[in-house]
There are 2 protein chains.
Amino acid sequence: MTRLCTDNSIEMCRDEIVAGYRQWRERTGNNPHCPVRDVLDRMGDKWTTLIVITLAERPHRFSEIHRAVPDISRRMLTQTLRHLERDGMVLRQVFPTMPPSVEYRLTHLGESLLRPLAELIAWADGNHERIMAARVAYDAGSG
Amino acid sequence: MTRLCTDNSIEMCRDEIVAGYRQWRERTGNNPHCPVRDVLDRMGDKWTTLIVITLAERPHRFSEIHRAVPDISRRMLTQTLRHLERDGMVLRQVFPTMPPSVEYRLTHLGESLLRPLAELIAWADGNHERIMAARVAYDAGSG
DNA sequence: CGGGATCCACGCGGATACTG
DNA sequence: CAGTATCCGCGTGGATCCCG
């Protein structure tokens, strides 16, 4: 599972995913801990992606992120940043000024996530209308 | 936001994400409903990705998926399949046999998700060890 | 300014039992 | 076989207050 799906063939991607999944199951037996879920759980939570996108532009201070990401509470901002820092995606840098000032920036690992993330965002953006149309059709049929 | 980030430059991906995000905010004002989150929320839930990967190989019957995806309850399997069907990602086909037989398969839309998904899986697989190492280091530092 | 601590509501998801 | 219905625990995340 080290190949990258860089060409345009859906079949190649399917084969890659299927083969990779099969290999992982054979390697790990019934190990319930899947590295992919480890990542997807983070991506899927409420704030991680927005924060990563915000930090993609440039380093931000705590309050800057708080202003840039609408409606996030300080508690969840702190918690999400801690998770990202723990996973090596974000670097936290404290300046011992008064009042204190803390800067957050993406690490190289964090920046490397931008590429697959951009793919996913492009897909979501490009197929959002199709999905909404499918929902309308589904709800009309079973309504 | 229709360009695809197909080359290797992190900078291009960053610019694309940042610009796309800015454009979306300008278009929608403070609309809290983000199409990207719509997708990521699904990807992040506990079972969607596993089911999509399972169906990527070939169509499956309900019980086949149930056997292929370890530990999922029938309730969550039904629920997740309904969500995927509603979003136009999965096609549900009932054969009026006795006992009943139902087949699920990916639609074209569902298959088109495989490409960005493969990218993300490759990233997760390729960087999992780095992430685990970062966690160990973090936990040791603040232990 | 940049948090930590505490309390609480809500919804996801598991367990179990039942059905056409 | 392919679901549906019901109950319930637990974790996520919001609100509020406190601190260096």
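The structure displayed is predicted, hence computed values, not measured ones. In the text below, chain A, chain B and the rest are named by the order of the sequence lines, each starting its count at 1.
- Atom CG of A:Asp71 is separated from atom P of D:dG14 by 9 Å (rounded to the nearest Å).
- If you check D:dA2, C:dG4, D:dG3 against the side chain of A:Thr78, the one that comes closest is C:dG4.
- Between B:Arg75 and B:Phe62, the one whose closest nucleotide on DNA chain D sits nearer the 5' end is B:Phe62.
- Taking atom NZ on B:Lys46 and atom C1' on C:dC12, their separation rounds to 9 Å, with Å as the unit.
- One distance of note links OG1 of B:Thr48 with CE of B:Met89; it measures 9.0 Å at 0.5 Å rounding.
- Counting heavy atoms from C-beta on, the side chains of A:Asn127 and B:Val39 never come closer than 4.5 Å.
- Rounded to whole angstrom, the span from the NE2 atom of B:His66 across to the P atom of D:dG3 amounts to 12 Å.
- Residues B:Trp47 and A:Leu81 both approach DNA chain C. Their nearest nucleotides, taken by heavy-atom distance, put A:Leu81 toward the 5′ side.
- The CZ atom of A:Arg61 sits 10 Å away from the P atom of C:dG3 (whole-angstrom rounding).
- The side chain of B:Arg74 places no N or O atom within less than 4.0 Å of a non-bridging phosphate oxygen (OP1 or OP2) of C:dA15.
- Between C:dG20, C:dC1, C:dG4, one nucleotide has an atom nearer to the side chain of A:Arg82 than all others, and that is C:dG4.
- Aromatic ring orientation, A:Tyr21 versus A:Trp24: parallel (interplanar angle below 30°, classes split at 30° and 60°).
- Looking at the side chain of A:Tyr104, the nearest of the listed nucleotides C:dG14, D:dA2, C:dG3 is C:dG3.
- Within the 4.0 Å cut-off from OP1 or OP2 of C:dG14, at least one side-chain nitrogen or oxygen of B:Ser73 is found.
- Atoms CD (A:Gln93) and P (C:dG2) sit 14 Å apart, rounded to a whole Å.
- The shortest non-hydrogen separation linking B:Ile72 to B:Val69 is CG2-O, 3.4 Å.
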Step-by-step side-chain contact (heavy atoms from CB on, under 4.5 Å) determination, B:Lys46 to B:Thr80:
CA-CA 9 Å; B:Lys46 208 173 175 184; B:Thr80 309; over 6 Å; no
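- OP1 or OP2 of D:dG3 has at least one side-chain nitrogen or oxygen of B:Arg92 nearer than 4.0 Å.
- As a whole-Å value, the separation of B:Arg67 CZ from D:dC1 P is 7 Å.
- Look at CG on B:Asp41: it is 10 Å from P on C:dC12, rounded to the nearest Å.
- One can place CE of A:Met76 at 13 Å from C1' of D:dA15, the figure rounded to the nearest angstrom.
- Between A:Ser63 and C:dG2 there is a side-chain polar atom (N or O) within less than 4.0 angstrom of OP1 or OP2.
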